[in-house]
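Here is the structure we will look at.
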Amino acid sequence: MSEEQSITVPEKEWEDDAPRQVMLAVARVDPWSVMKVSFLLSVAVAIAGVVATLVVWFMLDAMQVFSDIERFLLSIGADSFTALLDYARLPQVMSMATLVGVINIVVLTALATLGALIYNVVAALVGGIRVTLMDE
């Protein structure tokens with residue numbers, strides 16, 4: 001081997017590589033993880049709902065909507081309907097918003113978990129959802 005032998009290794013040209021595509025199927029969803037995530041998202045939605053209710057109530061109170069409604073009811077002689085405005089006071093409104101938030105937490109968590117269980121049954125029958133992923 002008197003002469004230098006050069007071994008040529010074909011260099012891979014990265015620019016010419018096409019992205020790889022992989023086709024996968026979501027065959028099963030863990031109901032426990034779905035329940036945990038849906039619970040946390042439901043709590044976040046409930047907190048946002050209570051805060052939004054508080055903001056809307058303060059805006060309506062600042063615009064004196066409740067006092068205008070009470071004055072209107074008194075001017076038309078509907079004195080008995082002014083008792084309904086007791087339900088529009090801040091403590092009652094916040095209590096109702098919190099109650100609706102708690103009910104939504106329970107219902108949305110249960111529905112999401114039930115949806116995961118139903119998806120697992122259907123995926124066992126038909127093979128699940130096929131997803132194509134691409135490596136760039």
* Is it true that a side-chain atom of S33 and a backbone atom of D30 form a donor plus acceptor pair closer than 3.5 Å? -> yes
* **D68: side-chain hydrogen bond (donor to acceptor under 3.5 Å, both in side chains) partners, not counting sequence neighbours** => R71
* Would you say V107 and L99 are hydrophobically clustered, going by side-chain heavy atoms of ILVMFWY under 4.5 Å? -> yes
* Asked: Can you name the nearest heavy-atom pair linking R28 to P31, along with the distance?
  -> NH2-CD, 4.0 Å
* To do: Applying side chain to side chain contact (heavy atoms under 4.5 Å, CB included), run through Y119 and V26 and close with a yes or a no.
  => CA-CA 10 Å; Y119 176 80; V26 180; 3.6 Å; yes
* Are M35 and V37 linked, directly or through other ILVMFWY residues, by side chains that come within less than 4.5 angstrom of each other? -> no
* Contact summary for A123 and A27, nearest pair of heavy atoms -> CB-O, 3.3 Å
* Positive for side chain to side chain contact (heavy atoms under 4.5 Å, CB included) with V29, one of V34, I118, L117 -> V34
* Please assess L73 against E70 for the test side chain to side chain contact (heavy atoms under 4.5 Å, CB included), listing each intermediate value before the final yes or no. => CA-CA 5 Å; L73 289 174; E70 187 173 7; 5.9 Å; no
* Listed partners of F66 passing ring-ring contact (aromatic ring centres under 6.0 Å, His included), at least two apart -> W57
* Do V56 and M94 share a hydrophobic cluster, counting only Ile, Leu, Val, Met, Phe, Trp and Tyr and linking them when any side-chain heavy atoms are less than 4.5 Å apart? -> yes
* Asked: Are any of the side-chain heavy atoms of L133 and Q21 separated by less than 4.5 Å?
  -> no
* Grab the two heavy atoms, one from I105 and one from S42, that are nearest each other, plus how far apart they are. => CG1-O, 3.7 Å
* **Stepwise side chain to side chain contact (heavy atoms under 4.5 Å, CB included) test for V93 and T53** => CA-CA 8 Å; V93 170; T53 302; 3.5 Å; yes
* Asked: Can L60 be reached from F58 by stepping across I, L, V, M, F, W or Y side chains whose heavy atoms are under 4.5 Å apart?
  -> yes
* Taking atom OG1 of T109 and atom CG of L114, what is their separation to the nearest 0.5 Å? -> 12.5 Å
* Measuring from L54:CG to L90:CG, what's the distance to the nearest 0.5 Å? -> 6.0 Å
* To do: Could you state whether V65 and Y87 fall into the same hydrophobic cluster, counting links through intermediate Ile, Leu, Val, Met, Phe, Trp or Tyr residues with side-chain heavy atoms under 4.5 angstrom apart?
  => yes
* Check: L24 and R130 side chains under 4.5 Å, non-hydrogen atoms -> no
